[in-house]
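Take this structure first; my questions come after.
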There are 2 protein chains.
Amino acid sequence: MSGLREAKKQETRRAIMQAAMRLFSEKGFEKTSIEELARAAGIGKGTVYGYFPTKSDILHAFCEDELECLRQELTANADQEVPILTQMVRIYMAEFMKITENREFARIFMQQTAFPRDVDLQRHLAHEDNYFALLFPILEKAQERGELRRELELLHITGHFYGLYLLLVSAWFSGRIATEEAEEALTDLFRQALEGLQPQKTLNSITDNGNE
Amino acid sequence: MSGLREAKKQETRRAIMQAAMRLFSEKGFEKTSIEELARAAGIGKGTVYGYFPTKSDILHAFCEDELECLRQELTANADQEVPILTQMVRIYMAEFMKITENREFARIFMQQTAFPRDVDLQRHLAHEDNYFALLFPILEKAQERGELRRELELLHITGHFYGLYLLLVSAWFSGRIATEEAEEALTDLFRQALEGLQPQKTLNSITDNGNE
DNA sequence: CGGAAAAAATGACCACGGTCGATTTTTATG
DNA sequence: CATAAAAATCGACCGTGGTCATTTTTTCCG
């Protein structure tokens with residue numbers, strides 16, 4: 001029966017991940033060897049490579065799982081009537097707080113996510129598309145409400161917000177933005193993006209400028 | 001005389017870089033071993049580590065040098081009377097074209113630049129500050145001309161553009177944006193940033209909307 | 001110049017990530 | 001159940017990045 005084999009594989013995969021996360025957290029990513037990790041998971045070293053192509057892929061898979069879960073949760077429970085600025089800040093701040101829980105994890109994950117190896121492209125694109133599918137309805141609603149310009153493509157808007165999120169994380173790594181300042185910084189950034197960097201040519205005080 | 005020793009060190013450093021770049025280009029970064037590289041530079045393996053802490057630091061130092069040079073050139077020759085959109089696109093596109101000349105180099109460089117290891121923080125910040133010092137006058141002039149809102153901090157504006165640049169590079173890696181489309185994409189992105197994602201509350205046709 | 005001290009160069013060495021052919025386990029089939 | 005094919009497991013093995021004790025070179029100073 002192929003179901004049994006499949007179940008066992010899943011179990012092994014879980015065991016590897018679990019052992020990996022425990023050890024990576026305890027001793028750090030670099031200091032944990034594959035051999036050690038395999039022993040902790042109760043398998044041989046070579047077996048690990050039947051499940052993950054590289055060491056950092058184990059970490060990446062874990063982070064992706066966690067974020068996937070978080071995103072589902074957030075976009076499902078989103079109150080779509082709230083201003084788009086608030087919604088975007090909430091979504092990306094959740095992602096930020098999650099990812100920055102462990103600096104080393106975050107670095108490896110972000111490096112691979114933002115600038116993926118060619119081998120990972122397929123998987124990467126699939127995940128991204130998946131994410132877009134969650135974000136698009138929210139942005140579309142905002143367009144309908146008149147909060148976002150209708151002539152802009154959803155992909156471009158998503159990209160704009162995502163770019164600013166990348167900046168936030170990058171600035172956090174370089175120590176320019178502390179964890180406590182992150183929300184304010186992201187809000188400023190997103191507000192800037194919405195209002196525009198150039199002066200409004202008109203009365204812009206009628207908008208929800210000061211609703212923070 | 002300590003001048004002689006110093007000169008020799010510089011010469012060795014140059015030799016390492018030169019050999020590294022030749023080999024990395026020919027055979028790829030991963031496929032080039034430090035031993036091999038050292039031989040090509042006419043020195044012993046261990047000596048390399050007296051000049052660069054890790055293998056990828058050799059590559060990173062090279063890229064940083066090249067970009068530093070490019071930036072100096074560009075910001076010096078900038079025509080500060082041209083619209084800020086054009087100027088920013090020109091600067092970041094030059095950076096983009098340079099960095100994407102070699103995909104492997106680009107990946108390693110961007111990964112380390114956007115999400116640097118703690119060990120590299122000091123050097124990283126110094127370089128960034130240096131870059132800001134080149135960008136700020138340009139943005140300041142644009143503020144004075146009324147092209148950028150005066151109440152925004154220069155650092156935030158820089159960050160905004162830089163974030164969108166990060167997005168461009170990331171999208172290039174994932175194959176969402178081809179090299180030939182990059183300039184148009186970046187222009188769109190920057191224009192979006194200037195005009196704002198939300199609808200202008202007024203007549204926005206008087207601006208230089210269609211000057212491309 | 002002599003020789004001690006500091007700096008730099010070196011390659012044997014180590015630990016680890018990843019590979020691979022041999023071996024075991026599971027599945028499919030008559 | 002027998003047996004062959006397929007899948008999964010394994011650890012010895014390889015090449016490499018990075019370290020370090022030792023050696024060589026340079027500097028300094030009487």
Side-chain angles (χ1 to χ4, degrees), chain A residues 1-21 23-24 26-62 104-105 107-108 111-112 117-120, chain B residues 1-21 23-24 26-62 104-105 107-108 111-112 117-120:
Chain A
M1 200 179 305
S2 84
L4 190 147
R5 176 181 266 172
E6 200 57 33
K8 198 170 171 185
K9 281 202 69 168
Q10 287 307 317
E11 177 50 35
T12 303
R13 189 188 154 91
R14 219 190 44 75
I16 294 174
M17 271 215 199
Q18 189 172 314
M21 287 315 116
L23 291 172
F24 289 169
E26 277 175 25
K27 336 180 26 183
F29 179 78
E30 310 280 0
K31 299 280 188 179
T32 303
S33 77
I34 294 282
E35 177 104 45
E36 186 180 10
L37 191 160
R39 293 301 176 93
I43 59 177
K45 177 179 177 179
T47 306
V48 174
Y49 288 92
Y51 292 85
F52 299 94
T54 74
K55 185 181 175 184
S56 61
D57 276 308
I58 306 175
L59 180 55
H60 199 262
F62 172 78
E104 197 177 20
F105 290 8
R107 186 179 297 112
I108 295 163
Q111 286 182 343
Q112 253 188 70
R117 290 165 303 168
D118 295 348
V119 194
D120 299 327
Chain B
M1 201 176 300
S2 84
L4 191 147
R5 175 182 265 171
E6 199 57 33
K8 198 169 174 184
K9 283 202 69 167
Q10 286 308 317
E11 176 52 32
T12 303
R13 189 188 155 90
R14 219 188 44 76
I16 294 175
M17 271 214 196
Q18 188 172 314
M21 286 316 115
L23 291 172
F24 289 169
E26 278 174 22
K27 333 180 27 179
F29 179 79
E30 310 280 359
K31 299 280 187 177
T32 303
S33 77
I34 293 282
E35 177 104 45
E36 186 181 10
L37 191 160
R39 290 304 175 92
I43 57 176
K45 177 181 176 177
T47 306
V48 173
Y49 289 92
Y51 292 84
F52 298 94
T54 73
K55 186 180 173 183
S56 62
D57 276 309
I58 306 175
L59 181 55
H60 199 262
F62 172 77
E104 197 175 21
F105 290 8
R107 184 180 299 110
I108 296 164
Q111 286 182 345
Q112 253 188 68
R117 292 165 302 170
D118 295 348
V119 193
D120 298 326

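Each chain gets a letter, A, B and so on, in the order its sequence line appears, and its residues count up from 1. Because the structure is predicted, anything quoted here is derived from the model rather than measured.
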Tell me every residue that passes side-chain hydrogen bond (donor to acceptor under 3.5 Å, both in side chains) with A/Glu104, counting only those two or more places apart in sequence or in another chain.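 In terms of side-chain hydrogen bond (donor to acceptor under 3.5 Å, both in side chains), with neighbours along the sequence ignored, A/Glu104 is linked to no residue.
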
Nearest-Å distance, NZ (B/Lys31) to C1' (D/dC14)? 13 Å

What pairs of nitrogen or oxygen atoms, one from the protein and one from nucleotides 9-12 of chain D, lie under 3.5 Å apart?
unit_1 : atom_1 : unit_2  : atom_2 : d
D/dT9  : OP1    : A/Tyr51 : OH     : 3.4
D/dT9  : OP2    : A/Tyr51 : OH     : 3.0
D/dC10 : OP2    : A/Gly44 : N      : 2.6
D/dC10 : OP2    : A/Thr47 : OG1    : 2.8
D/dG11 : N7     : A/Gly46 : N      : 3.2

For B/Arg107 and B/Gln111, does a side-chain donor sit closer than 3.5 Å to a side-chain acceptor?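 B/Gln111 and B/Arg107 do not have a side-chain donor-acceptor pair below 3.5 Å.
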
Starting at atom CG of A/Leu37, determine the distance to atom C1' of C/dG18, rounded to an integer number of angstrom.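 About 14 Å, once rounded to whole Å.
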
Taking side chain to side chain contact (heavy atoms under 4.5 Å, CB included) as the test, write out the residues that go with A/Phe62, two or more places apart.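 Checked A/Phe62 against side chain to side chain contact (heavy atoms under 4.5 Å, CB included); matches are A/Met17, A/Met21, A/Glu66.
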
Under 3.5 Å donor-acceptor, B/Lys55 side chain and B/Thr32 backbone: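 Flag set: sc B/Lys55 to bb B/Thr32 pair under 3.5 Å.
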
Starting at atom CD of B/Glu11, determine the distance to atom P of C/dA9, rounded to an integer number of angstrom. 12 Å

In whole Å, what is the span from the CD1 atom of A/Ile108 to the C1' atom of C/dG17?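 To the nearest whole Å, that distance equals 14 Å.
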
Give the rounded distance in Å between these two atoms: NZ of A/Lys55 and P of C/dT19. 15 Å

Nearest whole Å is fine: how far is C/dC14 P from B/Tyr49 OH?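 Answer to the nearest Å: 17 Å.
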
Using a heavy-atom cut-off of 4.0 Å across all strands, would you classify A/Thr32 as base, sugar-phosphate, or nothing? sugar-phosphate

Using whole Å, report how far CD1 of B/Ile34 lies from P of C/dT10.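 One finds 14 Å between P of C/dT10 and CD1 of B/Ile34, rounded.
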
Whole-Å distance separating the CZ atom of B/Phe29 from the P atom of D/dT16: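 After rounding, the gap between these two atoms is 13 Å.
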
B/Gln10 side chain to B/Arg14 side chain, donor-acceptor N/O pair below 3.5 angstrom: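 Their side chains do not contain a donor-acceptor pair, so the 3.5 Å distance test is not met.
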
Salt bridge or not for B/Arg39 and B/Glu36, using N-O below 4.0 Å?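 Looking at B/Arg39 and B/Glu36, the cut-off is not met.
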
